[in-house]
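Below is one structure, written out as structure tokens, with a few remarks after it.
Residue numbering restarts at 1 for every chain, and letters A, B, ... go by the order of the sequence lines. Remember, it's a predicted structure, so these values are computed and weren't measured experimentally.
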Protein chains: 2
Amino acid sequence: MPDPVPLPDEIALLWGRRESARRGPKAMLSVDEIVRAAVTVADADGLAAVSMAKVAAELGKSTMALYRHVRSKDELLMLMGDAALADPPDLSGMDWRTGLTTWALSILATLHEHGWFAQLPVNGPPIGPNNLAWFDSALGALTDTPLAELQKVGIVQNLITFVHGEMRLGRDLQRSYDRDPDRFGPDYGRALAELIDPVRFPALSRVVSSGAFSGPEMIGQDLEEDFRFGLELYLDGVEAFMRRS
Amino acid sequence: MPDPVPLPDEIALLWGRRESARRGPKAMLSVDEIVRAAVTVADADGLAAVSMAKVAAELGKSTMALYRHVRSKDELLMLMGDAALADPPDLSGMDWRTGLTTWALSILATLHEHGWFAQLPVNGPPIGPNNLAWFDSALGALTDTPLAELQKVGIVQNLITFVHGEMRLGRDLQRSYDRDPDRFGPDYGRALAELIDPVRFPALSRVVSSGAFSGPEMIGQDLEEDFRFGLELYLDGVEAFMRRS
DNA sequence: CCTTCACTGCGTATGTCGTACGCTAGTGAG
DNA sequence: CTCACTAGCGTACGACATACGCAGTGAAGG
């Protein structure tokens with residue numbers, strides 16, 4: 001029998017394998033409960049509202065009690081990042097393209113319920129069980145293609161990159177729109193139009209005067225449509241690449 | 001003569017058009033200086049180290065002096081976001097594909113010098129002069145193509161989405177690698193390999209056992225190469241779309 | 001059974017943060 | 001000259017993360 005897994009303890013925590021205590025009083029708190037409470041707070045009031053005090057209050061415990069189960073707030077945020085990802089969709093039976101499309105839209109939908117996800121600090125490669133499950137799911141969609149394993153990884157990783165960009169821009173824009181729709185109103189657009197000097201910004205000016213920017217059409221469903229458009233373009237590229245191979 | 005631009009004052013600030021005072025002592029501080037100092041602090045010690053106190057200390061002034069020029073820290077962060085973007089590259093004379101590739105790599109290079117950019121909160125559509133200059137630059141690369149203006153916007157916006165994803169994942173990974181290379185070392189990989197159950201993660205397991213994940217090859221130049229690969233795929237898709245039109 | 005002591009939960013304290021408020025002193029319009 | 005207005009700043013407050021140490025609990029070892 002080999003050594004019993006010298007897991008870096010951060011990973012052990014992520015996978016629920018931190019050794020539990022053998023002595024002392026029964027724990028009234030668990031890491032799972034804490035993470036769930038933190039997610040609840042974040043869903044309700046945003047990531048900025050997640051403080052150790054608020055999370056503890058949500059559980060009816062004192063602030064410092066959390067530190068027995070979680071080494072720091074950063075660690076809690078890391079756990080939240082994995083917990084936000086529910087199970088990936090079942091892609092079996094789909095061709096690779098339908099599979100990846102379904103996958104991308106699913107992860108966006110999942111993260112739409114946890115709008116704070118995009119604001120989590122990235123402190124290392126995603127390594128939690130749910131994260132890996134999603135990664136596996138996307139790779140699985142490419143199983144029956146003639147690509148080399150390394151190429152599959154590259155293609156999926158770029159897809160993830162694209163999705164993260166969408167989260168950062170699209171979702172955050174959506175949130176700021178909900179908070180203050182005036183920023184997207186006609187007053188704003190008109191004020192902006194005066195700033196866009198046709199000499200300094202020729203191409204942009206052409207777009208604006210063509211009427212493409214007159215209203216809040218960069219928001220809401222148009223945003224998802226835009227994402228689908230980009231996704232299609234990317235997958236067209238992947239398809240061409242596969243034919244070339 | 002029409003009304004003299006009722007600019008939302010946040011935008012006025014961004015464009016350096018906040019009306020200056022007519023009475024009172026000469027200002028010893030300017031918005032520009034403050035933003036420059038904040039960027040200096042962020043470049044040196046990261047975005048988390050940017051506090052009003054530190055920025056003021058950098059300028060040899062007291063904390064509260066900053067608030068005469070900047071309404072809040074959020075406003076300062078917004079200004080930093082625009083200031084981080086230097087001038088876009090000159091793409092004239094390039095075909096659209098070379099132009100967009102140059103553009104994407106340039107913006108990544110620019111933001112590499114300001115690694116904190118990806119962590120700035122997104123509070124609205126990018127609207128600062130430098131931001132618009134980059135947007136205009138990318139649109140300009142598509143001038144001589146047969147696309148409709150709205151399609152150009154969509155293509156550029158998706159490219160921006162992709163670049164933002166790269167910033168979030170790639171650059172932050174790079175940073176965390178620099179801080180703690182052990183997290184990418186062989187110990188880590190071996191520990192991870194034990195967690196990847198072939199039944200639960202079939203596709204991922206296949207990749208790992210094919211040796212694609214043995215080392216820190218997702219980092220550094222391989223990361224940029226990966227980005228280029230994804231960019232090529234996307235642009236292939238754009239090219240096909242243009243032929244179809 | 002009793003002792004031991006690792007462990008949980010929590011109260012207190014420290015240092016940092018953003019920023020509201022009001023003061024002082026300098027300035028230019030009247 | 002006057003004085004409304006302004007820049008910079010000192011103080012204060014509430015929120016935050018978290019180090020530290022204490023008190024009580026209950027399984028392990030005798």
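- In this structure the side chain of B:Asn123 never reaches within 4.5 angstrom of the side chain of B:Met78, judged on heavy atoms.
- Rounding to the nearest 0.5 Å places CD of A:Glu10 at 8.0 Å from CD1 of A:Ile127.
- Looking at which nucleotide of DNA chain C each of B:Pro25 and B:Ala53 is closest to, the 5′-most match is held by B:Ala53.
- Among the protein residues, A:Met64 comes within range of the nucleic acid bases, having at least one heavy atom under 4.0 Å from a base atom.
- A:Ser62 has no side-chain polar atom (N or O) that falls below the 4.0 Å cut-off from OP1 or OP2 of C:dG9.
- If you take CG of B:Leu29 and P of D:dT6, they are 17 Å apart, rounded to a whole angstrom.
- For C:dG9, the OP1/OP2 oxygens have no side-chain nitrogen or oxygen of A:Lys61 closer than 4.0 Å.
- The listed nucleotides are D:dC5, D:dT18, D:dC9; the one nearest the side chain of B:Arg68 is D:dC9.
- The CE atom of B:Met52 sits 16 Å away from the P atom of D:dG10 (whole-angstrom rounding).
- Considering NZ of A:Lys54 and CG of A:Asp45, their distance stands at 6.5 Å, rounded to 0.5 Å.
- If you measure from atom NZ of B:Lys73 to atom P of C:dT16, you get 15 Å, rounded to the nearest angstrom.
- For B:Lys54, a side-chain nitrogen or oxygen approaches OP1 or OP2 of C:dC17 to under 4.0 Å.
- An OP1 or OP2 oxygen of C:dC17 is reached within less than 4.0 angstrom by a side-chain nitrogen or oxygen of B:Ser51.
- Nucleotide D:dT25 holds its P atom 12 Å from the CE atom of A:Met28, rounded to whole Å.
- The ring of A:Phe201 has its center no closer than 6.0 angstrom to the ring center of B:Phe135.
- When only modelled atom types and interatomic distance are considered, A:Asp43 and A:Trp116 share a side-chain donor-acceptor pair under 3.5 Å.
- For B:Arg71 and C:dT19, the CZ to P distance is 12 Å, given to the nearest whole Å.
- For D:dT6, neither phosphate oxygen OP1 nor OP2 lies less than 4.0 angstrom from any side-chain nitrogen or oxygen of B:Lys26.
- Distance, A:Leu66 CG to D:dT18 P: 11 Å, rounded to whole Å.
- B:Ser72 comes within 4.0 angstrom of sugar-phosphate atoms only, judged by non-hydrogen atoms across all strands, and of no base.
- B:Val50 comes within 4.0 angstrom of sugar-phosphate atoms only, judged by non-hydrogen atoms across all strands, and of no base.
- If you take NE2 of B:His69 and C1' of D:dC9, they are 12 Å apart, rounded to a whole angstrom.
- Two residues, B:Tyr67 and A:Ala65, neighbour DNA chain C, and the one matched to the more 5' nucleotide by heavy-atom proximity is A:Ala65.
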